[in-house]
Amino acid sequence: MTDNSFFPVRPEIAATAHVNAEAYARMYEQSVKDPEGFWGEQGKRLDWIKPYSKVKDVNFNDDVHIRWFQDGTLNVSANCIDRHLATRGDQTAILFEGDDPGVSKAITYKELHEKVCRLANVLKKNGVKKGDRVTIYLPMIPEAAYAMLACTRIGAIHSIVFGGFSPDSLKDRIVDCDSHFVITSDEGLRGGRKVALKANADKAVAGAPMVKHVLVVKHTGGDVAWTAGRDLWFHEEMESVSADCPPEEMSAEDPLFILYTSGSTGKPKGVLHTTGGYLVYASMTHQYVFDYKDGEVYWCTADVGWVTGHSYIVYGPLANGATTLMFEGVPTYPDVSRFWQVIDKHKVNIFYTAPTAIRSLMREGEGPVKKTSRASLRVLGSVGEPINPEAWLWYYNVVGDARCPIVDTWWQTETGGILISPLIGAIGQKPGSATKPFFGVQPVVVDNEGQVLEGETEGNLCIADAWPGMMRTVYGDHERFIQTYFSTFAGKYFTGDGCRRDADGYYWITGRVDDVINVSGHRMGTAEVESALVAHPKVAEAAVVGYPHDLKGQGIYAYVTLNAGENPTEELRKELVAWVRKEIGPIASPDLIQWAPGLPKTRSGKIMRRILRKIAANEHDSLGDTSTLADPGVVTDLIDNRMNNA
Ligand code: 6R9
């Protein structure tokens, strides 16, 4: 569907928004012409222990480094909690909505302070020191936020692993950052089903001998195995320590967290974010993009295991003294009205979710939405993948009753915060476009040779200069950081996304141009799925590509060549899907597996993914140049036996 509709900024919104069109133009210009002045001023939104004198020190070229506010010192938990106590100690900081609609809980800033201080003392008591890595493997419960903030209080670096990842994936992430302390819970709860987190953690830790302690939150009360001396109950430890824990003074460039994300090659990379710049950026984007106003209830449906949960459930909102809702469950449990019921129950003003959720709820029709009020809603947000215009219009008309502007926010784990998005008082919306850059962000579109393209155009999306929230390095592998992001197009940060810029200067993200697939807003490296498949004893070779999927955005299509003598059966197909789930986690399950007697390769043996992508997408009329194939017959066979993905 092409859609040319335009939703201009409404005057009544512009009149009260933080940023109107005039302010956007003026501030944007200052932000790129005088970044020192602009960010020097914005940095003051935080409480600094020692103020910074130097704002920006960045090099995207030879000696790649990114430093912001480098001589300033601060503490993240003090900025997210302590500084609000005098004015909003009794205000709800975290509104917890359980998987079971009968369970909800409000945690005030005062209570949050006590929990975080105690947990920080628990970490210290068990040997965690400034700079140590703590792995968090928790469901969406308030303890996840306590754990993040407790790490920041003592200067430990957290690494959150999404609860849907397998024991093996968890183990790899623990080992990669040499983490000695793991925080998990007995079980997670999603849509009424239990997830065996502690059992998974036990399996992971069996392969990660550096782990000294596993701290376990009693959440469902389910049975767990216990390793005496290593395992600790959260509730017991919390009672054993004092509620007083002064915040550690951290340098702006001290590491704050590591978050593993998939790339086009190899194992997931540990994206490293640091303290000062990240928090300034998370706080500012949360306030301006969502036009957050004091006293509002804000709900982001992401999981804290993803970057969206880090920046826009925990750090941005809490730095701004907001009430942030944390939802444990899924959009369809107990029924498909759940999101809208939660909005009414907690009078949510700002709602931020993913296109995949919108598409799946859209299938259910308007009824389940319309039976709720949603009168509290003011701003809607979208993140994680391109939103198709149909879904955008449904979100706007049905969920928002044609009343609430939509901010389609484009950003990445690496960027720390939102880079391209409408500002509701300044930038009119076109369904499917992330619109215009945030302050300080300079998008450039380049062709495959790195030539900068001007005006209305399409190509690879790069960012010309740094913003405070961007990643600083790949944990333990700065060379990989440079290779991945700064070498494809020298001197520019390469996003891995393609985009189009229209005549009005609006950006339309067209999706990844590398070997990363975006399944329901979750990033998956094709190489990761391939290596899981070839680890199966019956598999000789595998090639994985994305294909268009109605609900998930992209689905996972795997071409599998079996070892000689193995029979391609339906049973084996199921076994391979289960195998990948076990190796990586449910989000990596192949949607379609095609038995491939051979894969299309160049004469030098490189798999030609371009061709495999076309076949998977059922676009085999436009395969392009196949003259470099070693054996063109392979392609005919693959087309003839293509899996039906209609
Ligand atoms: C925040 C997050 C990043 C990739 C990114 C792009 C896609 C995210 C988008 C979007 C179009 C949007 N993406 N938001 N594409 N429009 N509004 O999702 O981080 O998990 O690292 O994924 O997601 O392809 O490169 P992450």
Side-chain angles (χ1 to χ4, degrees), residues 160-162 164-165 257-264 268-273 278 281-282 285-286 289-290 300-313 315-316 352-359 380-389 391-392 395 406-422 427 429-438 441 443 460-463 469-471 474 484-485 488 493-501 506-526 546 552-554 587-588:
I160 307 191
V161 179
F162 174 59
F165 277 119
F257 65 82
I258 299 166
L259 182 55
Y260 287 87
T261 193
S262 297
S264 39
K269 313 179 266 288
V271 167
L272 185 91
H273 284 285
Y278 171 83
Y281 199 75
T285 47
H286 172 261
V289 172
F290 300 104
C300 164
T301 68
D303 190 287
V304 290
W306 309 114
V307 74
T308 307
H310 285 65
S311 301
Y312 300 113
I313 294 178
Y315 291 120
Y352 189 30
T353 195
T356 185
I358 296 167
R359 284 192 300 266
L380 301 173
S382 171
V383 62
E385 52 176 315
I387 181 165
N388 47 313
W392 196 101
Y395 196 22
I406 296 181
V407 290
D408 175 2
T409 64
W410 172 83
W411 59 296
Q412 313 177 296
T413 305
E414 293 88 338
T415 71
I418 294 163
L419 295 198
I420 302 183
S421 168
I427 302 167
Q429 297 119 62
K430 301 184 187 187
S433 170
T435 76
K436 301 229 175 182
F438 192 72
V441 175
N460 304 295
L461 177 61
C462 294
I463 313 290
M470 75 183 297
M471 74 184 286
V474 170
T484 309
Y485 303 103
T488 318
Y493 168 80
F494 176 44
T495 64
D497 278 316
C499 83
R500 181 163 75 78
R501 184 172 50 217
Y506 275 50
Y507 290 86
W508 302 71
I509 309 298
T510 50
R512 303 287 305 196
V513 294
D514 55 9
D515 288 320
V516 170
I517 27 193
N518 191 326
V519 186
S520 300
H522 301 316
R523 267 167 78 163
M524 211 59 249
T526 52
K552 302 179 177 183
Q554 279 189 301
I587 56 168

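Numbers here simply count residues along the sequence, with the first being 1. In listed order, ligands and their atoms are each counted from 1.
Of all atoms in ligand 1, numbered sequentially from 1 with element shown, those under 4.0 Å from a heavy atom of Thr409 are 9 (C), 12 (C), 14 (N), 17 (N). Each of the following atoms of ligand 1 lies closer than 4.0 Å to a heavy atom of Val307: 1 (C), 19 (O). If you number the atoms of ligand 1 from 1 as listed, the ones under 4.0 Å from a heavy atom of Thr413 come out as 19 (O), 20 (O), 21 (O), 26 (P). Heavy-atom contacts of Val383 reach the following atoms of ligand 1: 1 (C) (cutoff under 4.0 Å).
Under 4.0 Å from ligand 1, the heavy atoms of Thr308 that appear belong solely to its side chain. If you look at Arg523 next to ligand 1, the close heavy atoms, those under 4.0 Å, all belong to the side chain. Residue contacts with ligand 1, taken as heavy atom pairs separated by less than 4.0 Å, do not involve Val516 at all.
Of all protein heavy atoms, the one lying nearest to atom 2 (C) of ligand 1 is Trp411 O, 3.7 Å. Of all protein heavy atoms, the one closest to atom 14 (N) of ligand 1 is Gly384 N, 3.1 Å.
The closest approach between any non-hydrogen atom of Gly511 and ligand 1 is not below 4.0 Å. In this structure, Trp306 falls outside the shell of residues with a heavy atom less than 4.0 angstrom from ligand 1.
In the candidate list Gly496, Pro386, Gly417, Pro386 is nearest to atom 15 (N) of ligand 1, counting heavy atoms.
Aromatic ring orientation, His273 versus Phe257: tilted (interplanar angle from 30° to 60°).
Of all heavy-atom pairs between Thr413 and Val271, the closest is O-CG1, 3.9 Å.
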